[in-house]
J.: 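The structure is given below, and queries will be raised subsequently.
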Amino acid sequence: MNESTLEVSKIGWRFDNSYVRLPDMMLSKISPIPVKKPKLIILNHELSKELGLDFSTISDDYIASIFSGNLLPKGSESIAQAYAGHQFGHFTMLGDGRAIVIGEHLAPNNKRVDIQFKGSGRTPYSRNGDGRAALGPMLREYIISEAMHALGIPTTRSLAVVKTGEQVIRETSLPGAILTRVAASHIRVGTFQYVASQGDIKTLKALVNYSINRHYPDYKDTDNPALTLLKIVLKKQIELVTNWMRVGFIHGVMNTDNMTISGETIDYGPCAFMDVYNPETVFSSIDYHGRYAYFNQPGITKWNLLRFAETLLPLIDNQEDKAIKIAEEIINGFDSFYKNHWFRMMKKKLGLFGEESEDENLINTLLVWMNQNKVDYTNTFCSLIDEDLLKEKPFQDSIFLNWHKQWKKRLKKNKQPTESSLSLMKRTNPTIIPRNHKVEEVLKAANVNDDLTLLYNLLKVLKKPYENQLNAITYKSPPTPSNKKYQTFCGT
Ligand code: AMP
Ligand code: MG
């Protein structure tokens, strides 16, 4: 179906599709499969505005038709993208198995974004999947991706969730839904792996140039575009994973197909935020060996970048030996680059300016204490900001008190006023994260009772994660200890 009425043309879509012009092997031109009875569950008004889209004169039913793929807007050219990926270390051919990019929209600031439906039916890459998605996981992605955005962490965004009016069969029968994902692009490390695996150097070159033009146009004219791209992506991914570490985010499925070239967080399947500080935390039910545990995330980022570098070798230099040497040099820089970046971030969490010899030890001592005493990661840093909270029991421990004294002593060496230090800590340490038990509560109410009030309440507090929202106490409290380990499930 095509856009037909005047009202719909007022929405403000500005499609300018470029990926679809890339070589055929990289995509399939297909449309979303219409659904029975689309119903709008949530529309992201703030994001709509940012994108220059106005739905204020459009009925919910019409909006639901659009975001279910039943009514494609004019200018859309829908595609499923081919990609490959190392999943838990094993190479597989993949692709958008249940997602379709309906086009690239230009926001008023000319920022180009992919508009993608997730759960819009089977594609040539679906393998044995049904191409569909369930309401719970789509709302979960909506909540967590929007929380990440508010936390200031690069991420894909969520524009809308609609129910399809159809059931999807998982372990039980669940209401089906489609999420509209907005991303700088969906180019992944896995996209490069796919093209490289086909041995098509010309297409690989086209993909490198396309990626630079689209994401890093300032670096358009360098001698060695592939090398330039590798360096930029390394930097972007280090910044990203440092941000994850900062807020205790555990991605859960850092396969190479879930690592973007844009540096945005993508794929909110099994992710979750750590509450009690334990570097070995894993939430994903299928991550048996802790490959994607909290403390492994930087190492896996490096591993994925190495896979990325491998795909670029033929373009880095004609001579393989030479290309490997050059790429290795860059990847070998990861460790110290990450460490410095992480260290600077941790200093911000503690409000430290300048450099003192005791800094590293101060940070590590606190982390070890947090781990041994099973304290809440987020709230511990909040307690350093708000001294009243330090009256709580875990902080009466002598090791902590001694650490606190050392920290205070170190703060005096800041050549900045106390207010600057406090303000730095407040900007770096969130008070509110999407806590797993709160997210579960919301999803249960939405799924079982069709009640969206809890969802709206949660989304509201998550919008201002660095503010001391006095009325948000229930969102700040860690879950009451339970014997049942919190688990997340992938791709549902
Ligand atoms: P993910 O775990 O979301 O990164 O998905 C891994 C791969 O499986 C991707 O290629 C997805 O498109 C595909 N996939 C996940 N769920 C489904 C589904 N229900 N139907 C078809 N393909 C799927
Ligand atoms: Mg994925």
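Order of appearance sets the numbers: ligands from 1, and atoms from 1 within every ligand. Since we're looking at a predicted model, the values are computed, not measured.
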J.: Identify, with sequence neighbours excluded, every residue that meets ring-ring contact (aromatic ring centres under 6.0 Å, His included) alongside Tyr194.
T.: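 Listed in chain order: nothing, the list is empty.
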J.: Counting each atom of ligand 1 from 1 as listed, which ones have a heavy atom of Asn258 under 4.0 Å away?
T.: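 The list of qualifying atoms is 4 (O).
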J.: Checking Ser78 side chain against Ile30 main chain: does a donor-acceptor pair fall under 3.5 Å?
T.: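 Answer holds: yes.
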J.: For ligand 1, which atoms have a heavy atom of Arg127 less than 4.0 angstrom away?
T.: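 Per the distance check, 7 (C), 8 (O), 13 (C).
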J.: Under 4.0 Å, counting heavy atoms only: does Tyr125 come that close to any atom of ligand 1?
T.: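 Checking ligand 1 against Tyr125, which is what was asked, there is no heavy-atom contact under 4.0 Å.
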J.: With Arg291 as the cation and Trp303 as the aromatic partner, state whether NZ or CZ is under 6.0 Å from the six-membered ring centre and within 45° of the axis.
T.: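 Because its charged atom sits under 6.0 Å from the ring centre and within 45° of the axis, Arg291 does stack over Trp303.
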J.: Quick check, are the ring centers of Phe55 and Tyr62 under 6.0 angstrom apart?
T.: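 No.
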J.: Asp96 heavy atoms, cut-off 4.0 Å: which ligand 1 atoms fall inside?
T.: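 Counting from 1, the qualifying ligand atoms are 12 (O).
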J.: List every atom of ligand 1 that sits less than 4.0 Å from any heavy atom of Gln87, numbering the atoms from 1 in the order shown and giving each element.
T.: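 Checking each atom against Gln87, I get 6 (C).
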J.: Which residue pairs pass the salt bridge (charged side-chain N to carboxylate O under 4.0 Å, His left out) test when at least one of the two sits in residues 39-49, sequence neighbours left out?
T.: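 Salt bridge (charged side-chain N to carboxylate O under 4.0 Å, His left out) check on residues 39-49 returns Glu46-Lys463.
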J.: Tell me, please: is Ala99 in heavy-atom contact with ligand 1, that is, under 4.0 Å?
T.: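 Heavy atoms of Ala99 never come under 4.0 Å of ligand 1.
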J.: Step through it carefully: locate the ring centre of Phe88, locate the ring centre of Tyr292, and say whether they are under 6.0 Å apart.
T.: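 Between Tyr292 and Phe88, which both carry aromatic rings, the centre distance is below 6.0 Å.
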J.: For atom 16 (N) of ligand 1, tell me which residue out of Glu141, Met93, Arg188, Arg98 has the closest non-hydrogen atom.
T.: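 Going through Glu141, Met93, Arg188, Arg98 one by one, Arg98 has the nearest heavy atom to atom 16 (N) of ligand 1.
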J.: Verify the distance test for Asn258 against the Mg ion (ligand 2): any N/O/S atom under 2.8 Å, yes or no.
T.: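 So Asn258 counts as coordinating the Mg ion (ligand 2), yes.
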J.: List every atom of ligand 1 that sits less than 4.0 Å from any heavy atom of Asp257, numbering the atoms from 1 in the order shown and giving each element.
T.: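 Reading through ligand 1 atom by atom, the close ones are 4 (O).
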J.: Contact between ligand 1 and Arg170 is defined here as a heavy atom of the residue under 4.0 Å from a ligand atom; is it met?
T.: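 True for this residue.
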J.: Taking 2.8 Å as the cut-off, does an N/O/S atom of Asp267 lie below it from the Mg ion (ligand 2)?
T.: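 Under 2.8 Å: Asp267 contacts the Mg ion (ligand 2) through an N, O or S atom.
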J.: Under 4.0 Å from any heavy atom of Gly131, which atoms of ligand 1 are there?
T.: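 Numbered from 1, ligand 1 contributes 18 (C), 19 (N), 20 (N), 21 (C).
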J.: Are Asn209 and Pro225 side-chain neighbours, meaning at least one heavy-atom pair lies under 4.5 Å?
T.: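 Answer yes - side chains close enough.
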J.: Is the gap between the ring centers of Phe283 and Phe489 under 6.0 Å?
T.: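 Between Phe489 and Phe283, which both carry aromatic rings, the centre distance is not below 6.0 Å.
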